Amino acid sequence: EFARQLAARGLHLVLVARRREPMQELAAELHGKHATRCEIISCDLSAAGSAAEVLAAVREKRIEVDLLVNNAGFGIVGEVEQADPARIQELLRLNVASTTELIYGLLPTMLERRFGGIINVSSLSAFQPVAYMGVYAASKAYVLHLSEALACEVADRGVIVQALCPGVTRTEFFEIAGATGWLQKHASLSPEQVVKVSLKKFGRKNWVVVPGWRNRLLTLLVRF
């Protein structure tokens, strides 16, 4: 959805995902609608060394990245005894390590140009510990705090950093995380709504963006 809305604004894209075929279909769609050029990098960002591969590919193609969207992520729901330690490490590499490496690999060049932006997709769960999703919530708290710190650092240097903190969103996330039926039990937003809010507020120096008034209220209630 980020790709679709950014392409509609005239941006050319570098699409990074595990599965090449869906990205090829998306690239063809965006080219047909908006004449957008898309470079595709097939990469699993939960694997060790994967972020370095992405950065190397971008440098090899001589692409200047104006906007980095750290959107990939997954969650794990379950009791401690059921947890797969290897899967937890994949989550941490994806949500924390790869996100950090991509930021620090691209941000210095943006600062040199005094132009650029970063959108880090955090979560409503970043504002409080979440039982049975402890590692996921902690990883998203990391993303939120890192984003706020960097936003403060670069505020007067031409670069904007946003932490996007959506609540329940209608994606495959909950099925993959093991929370089957969650969408049917809770109010949710569509990916289109979430991305629209993010891009609307980007550039207005909104360091933390929480789509949906109920979600914004929840971030305030946890303080009490």
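Numbers for residues simply follow the sequence, beginning at 1. No experiment lies behind these values; they were computed from the predicted model shown.
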Any side-chain heavy-atom pair of T99 and I103 under 4.5 Å: yes
Any side-chain heavy-atom pair of L111 and V154 under 4.5 Å: yes
Show the atom names and distances, to 0.1 Å, of all donor-acceptor pairs under 3.5 Å that link a side chain in residues 121-128 to residues at least two apart or in another chain.
residue	atom	partner	partner atom	Å
S122	OG	K140	O	2.8
S123	OG	S125	N	3.0
S123	OG	S125	OG	2.9
Q128	NE2	L124	O	3.2

From CZ (F202) to CD1 (I160), nearest 0.5 Å: 4.5 Å
Qualifying side-chain hydrogen bond (donor to acceptor under 3.5 Å, both in side chains) pairs, either residue in residues 143-161, two or more places apart: N120-S147
Atom pair CE (M23) and CD1 (I40), whose distance is rounded to the nearest 0.5 Å: 7.5 Å
ILVMFWY network linking V130 to V80, side-chain heavy atoms under 4.5 angstrom: no
Within 6.0 angstrom of E25 CD, more than 12 heavy atoms from elsewhere: yes
Taking every non-hydrogen atom, the tightest pair across V194 and P166: CG1-CB, 3.9 Å
Non-hydrogen atoms of C38 and L30 that approach each other most closely: SG-CD1, 4.1 Å
Main-chain N/O of C43 paired with R18 side-chain donor or acceptor, under 3.5 Å: no
Side-chain donor/acceptor pairs under 3.5 Å, residues 4-14, sequence neighbours excluded:
residue	atom	partner	partner atom	Å
R4	NE	E29	OE2	2.7
R4	NH2	E29	OE1	3.2
Q5	NE2	E1	OE2	2.8
Q5	NE2	E192	O	3.2
H12	ND1	R37	N	3.0
H12	NE2	R37	NH1	3.4

Contact summary for L164 and I119, nearest pair of heavy atoms: CB-CG2, 4.3 Å
side-chain contact (heavy atoms from CB on, under 4.5 Å) assessment of F2 paired with L199: CA-CA 9 Å; F2 266 109; L199 297 182; 4.2 Å; yes
Heavy-atom side-chain proximity of V96 to V143 below 4.5 angstrom: no
Candidate pair T100 and Y142, rule side-chain contact (heavy atoms from CB on, under 4.5 Å), full reasoning: CA-CA 10 Å; T100 305; Y142 172 89; 2.8 Å; yes
Cluster overlap Y132 with L91, hydrophobic side-chain contacts below 4.5 Å: no
Spacing of CG belonging to D84 relative to CD belonging to E90, to within rounding of 0.5 Å: 7.5 Å
Cluster link I63 to L107, ILVMFWY, side chain under 4.5 Å: yes
Heavy-atom closest pair, residues L68 and M110: N-CE, 4.2 Å
Short side-chain to backbone donor-acceptor contact, S98 and L45, under 3.5 Å: yes
Nearest atoms (heavy-atom pairs only) where I41 meets V58: CD1-CG2, 4.3 Å
Distance, nearest 0.5 Å, that separates NZ of K201 from CH2 of W207: 15.5 Å
Steps toward side-chain contact (heavy atoms from CB on, under 4.5 Å) verdict (I118, L150): CA-CA 10 Å; I118 298 172; L150 292 175; 5.7 Å; no
Minimum heavy-atom distance between A163 and L144, given as atom pair plus value: CB-CD1, 3.9 Å
Contacts of type salt bridge (Lys or Arg N to Asp or Glu O under 4.0 Å), residue E101, not counting sequence neighbours: none
Passing option when C165 is tested against T219, V209, V208 for side chain to side chain contact (heavy atoms under 4.5 Å, CB included): V208
L102 side chain near N70 side chain, heavy-atom distance below 4.5 Å: yes
Distance, nearest 0.5 Å, that separates CD1 of I76 from CG of L92: 8.0 Å
Pairs meeting criterion side-chain hydrogen bond (donor to acceptor under 3.5 Å, both in side chains) with involvement of residues 104-113, two or more places apart: D66-R113
Spatial distance of atom CD (Q162) from atom CG (N206) [nearest 0.5 Å]: 7.5 Å
Residue pairs involving residues 46-59 (criterion side-chain hydrogen bond (donor to acceptor under 3.5 Å, both in side chains); sequence neighbours excluded): D44-S46
Side chain proximity check, F74 to R87, heavy atoms < 4.5 angstrom: yes
